[in-house]
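To start, the structure itself, in structure tokens.
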Amino acid sequence: MLSCTIETPLGVAKIIGDVHRISSVLVLDQSEEVSNTIPEELLEAVSQLKAYFNSTRKTFDLKLNPMGTTFQKKVWKQLETIPFGKTISYLELSKQLGDVKAIRAVANANGKNPLWIIVPCHRVIGSDGSLTGYAGGLHRKQWLLNHESEVKQQSLF
């Protein structure tokens with residue numbers, strides 16, 4: 001497996017993959033040096049992530065190979081159908097997957113998504129509209145939702 005780290009507005013992200021697919025994109029809480037060179041096999045992922053953060057890309061076109069259970073992969077595949085700038089609830093996601101009673105398992109799988117931003121787990125919110133759970137931290141989830149929002153919020157202070 002190859003890896004590299006890049007700077008994003010939300011911190012350093014680590015991309016892991018090989019010549020065939022991207023298996024992981026993680027935001028790091030600890031400081032890590034940004035890679036001086038990017039392996040050729042990861043260049044497209046780096047390019048697409050930078051375009052996303054520069055607001056010139058809304059969808060990703062990468063070959064993915066996340067490691068997880070069959071159920072987790074099913075949840076992650078469903079996450080990819082959530083349009084840019086839109087959100088759904090965990091309950092709604094469970095219904096889409098065909099089992100409203102699996103809401104906790106769906107939330108758990110969502111939280112284990114290894115493909116930060118590319119598989120948009122940040123677009124899943126509580127039924128009451130609240131920001132609930134996000135492995136990268138709620139401040140990052142809020143930033144990503146604001147970034148994707150048609151109506152940009154401005155800070156007064």
Side-chain angles (χ1 to χ4, degrees), residues 1-6 8-29 41-42 44-153:
M1 285 293 192
L2 302 165
S3 70
C4 68
T5 52
I6 62 168
T8 77
L10 296 172
V12 174
K14 185 172 191 168
I15 303 166
I16 301 171
D18 60 24
V19 68
H20 304 291
R21 302 184 187 282
I22 302 299
S23 58
S24 178
V25 177
L26 304 168
V27 63
L28 306 174
D29 283 322
E41 296 83 353
L42 304 180
E44 187 58 29
V46 169
S47 174
Q48 289 188 31
L49 282 165
K50 287 183 177 184
Y52 169 86
F53 283 114
N54 288 328
S55 299
T56 58
R57 175 174 282 278
K58 294 182 178 183
T59 60
F60 293 92
D61 182 24
L62 297 166
K63 292 181 180 175
L64 306 175
N65 186 29
M67 299 303 203
T69 67
T70 301
F71 179 77
Q72 288 170 332
K73 289 178 181 182
K74 182 179 175 184
V75 172
W76 301 335
K77 197 62 155 161
Q78 191 64 33
L79 292 172
E80 292 182 70
T81 68
I82 306 169
F84 181 92
K86 304 293 182 196
T87 58
I88 66 168
S89 69
Y90 290 97
L91 179 61
E92 201 173 334
L93 182 59
S94 296
K95 287 178 183 176
Q96 289 177 2
L97 290 162
D99 188 356
V100 69
K101 293 179 183 177
I103 190 168
R104 287 187 183 201
V106 167
N108 190 323
N110 193 58
K112 291 190 168 54
N113 170 24
L115 290 158
W116 181 60
I117 299 175
I118 295 171
V119 173
C121 57
H122 61 277
R123 296 179 188 155
V124 183
I125 60 174
S127 295
D128 62 358
S130 64
L131 298 184
T132 58
Y134 188 63
L138 291 181
H139 66 288
R140 288 187 178 111
K141 185 172 189 167
Q142 182 67 65
W143 190 97
L144 291 166
L145 293 175
N146 288 345
H147 177 70
E148 294 182 3
S149 175
E150 290 179 16
V151 179
K152 299 295 180 194
Q153 298 289 326

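For clarity, every value in this text was computed on a predicted model and none was experimentally measured.
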Checklist entry - Under a 4.5 Å cut-off applied to non-hydrogen side-chain atoms, are C4 and V46 in contact? => result yes
Checklist entry - Does any non-hydrogen side-chain atom of V12 lie less than 4.5 Å from one of V27? => result no
Checklist entry - In Å and rounded to the nearest 0.5 Å, what is the CG to CG distance from D128 to L91? => result 11.5 Å
Checklist entry - Which heavy atom in Y52 sits nearest to a heavy atom in H147, and how many Å separate them? => result O-NE2, 2.8 Å
Next on the checklist: side chain to side chain contact (heavy atoms under 4.5 Å, CB included) for L10 and W116? Distances and angles first, verdict last.
Outcome noted: CA-CA 11 Å; L10 296 172; W116 181 60; 3.8 Å; yes
Checklist entry - So how far is it from R57 CZ to F84 CZ, rounded to the nearest 0.5 Å? => result 11.5 Å
Item to check | Minimum heavy-atom distance L93-V124, with the two atoms named | outcome: CD2-CG2, 4.1 Å
Checklist entry - Of the non-hydrogen atoms in Y134 and R140, which two are nearest, and what is the gap between them? => result CE2-CB, 4.1 Å
Item to check | Closest approach of E41 to D18 (non-hydrogen atoms, all atoms of both residues) | outcome: CB-O, 3.8 Å
Next on the checklist: So, taking the atom named CZ in F53 and the one named OG1 in T8, what distance separates them when rounded to the nearest 0.5 Å?
Outcome noted: 4.0 Å
Item to check | Side chain S94, main chain Y90, donor-acceptor under 3.5 Å | outcome: yes
Checklist entry - Is the closest side-chain heavy-atom distance between N108 and K112 below 4.5 Å? => result yes
Checklist entry - Are L64 and L62 close enough that some pair of their side-chain heavy atoms sits under 4.5 Å apart? => result yes
Item to check | From CA spacing to verdict: salt bridge (Lys or Arg N to Asp or Glu O under 4.0 Å), E92, K95 | outcome: CA-CA 5 Å; E92 201 173 334; K95 287 178 183 176; over 6 Å; no
Checklist entry - Can you find a heavy atom in the side chain of L145 that is under 4.5 Å from one in the side chain of L131? => result yes
Checklist entry - What distance do L42 atom CG and T5 atom OG1 have between them, rounded to the nearest 0.5 Å? => result 11.0 Å
Checklist entry - Do L49 and I15 have side chains that get closer than 4.5 Å, going by heavy atoms? => result yes
Checklist entry - Can you check whether F71's main-chain N or O pairs, donor with acceptor, with W76's side chain at less than 3.5 Å? => result no
Item to check | M1 versus I16, closest heavy-atom pair with distance | outcome: CB-CG2, 4.1 Å
Item to check | Any V25 side-chain heavy atom under 4.5 Å of I117 side chain | outcome: no
Item to check | Intermediate values then yes/no, side chain to side chain contact (heavy atoms under 4.5 Å, CB included), S24 and K14 | outcome: CA-CA 8 Å; S24 178; K14 185 172 191 168; over 6 Å; no
Item to check | Any donor-acceptor N/O pair, K141 side chain to T132 backbone, under 3.5 Å | outcome: yes
Checklist entry - For N65 and H20, what are the C-alpha separation, side-chain angles and deciding distance, and is it a side chain to side chain contact (heavy atoms under 4.5 Å, CB included)? => result CA-CA 9 Å; N65 186 29; H20 304 291; over 6 Å; no
Next on the checklist: I'd like to know whether E148 forms a salt bridge (Lys or Arg N to Asp or Glu O under 4.0 Å) with R123, so could you lay out the CA-CA distance, the side-chain angles of the two residues, the decisive distance to 0.1 Å, and finally the verdict.
Outcome noted: CA-CA 10 Å; E148 294 182 3; R123 296 179 188 155; 2.8 Å; yes
Next on the checklist: Donor-acceptor check, side chain of N54 to backbone of T56, threshold 3.5 angstrom: yes or no?
Outcome noted: no
Checklist outcome for this item: Here the pair of heavy atoms bringing T59 nearest to Q48 is O-OE1, 4.5 Å
Next on the checklist: Just verifying a value: how many Å separate I88 CD1 and S127 OG, rounded to the nearest 0.5 Å?
Outcome noted: 10.0 Å
Checklist entry - Is it true that a side-chain atom of N113 and a backbone atom of V119 form a donor plus acceptor pair closer than 3.5 Å? => result yes
Checklist entry - Looking just at side-chain N and O atoms, do H122 and Q142 make a donor-acceptor pair shorter than 3.5 Å? => result no
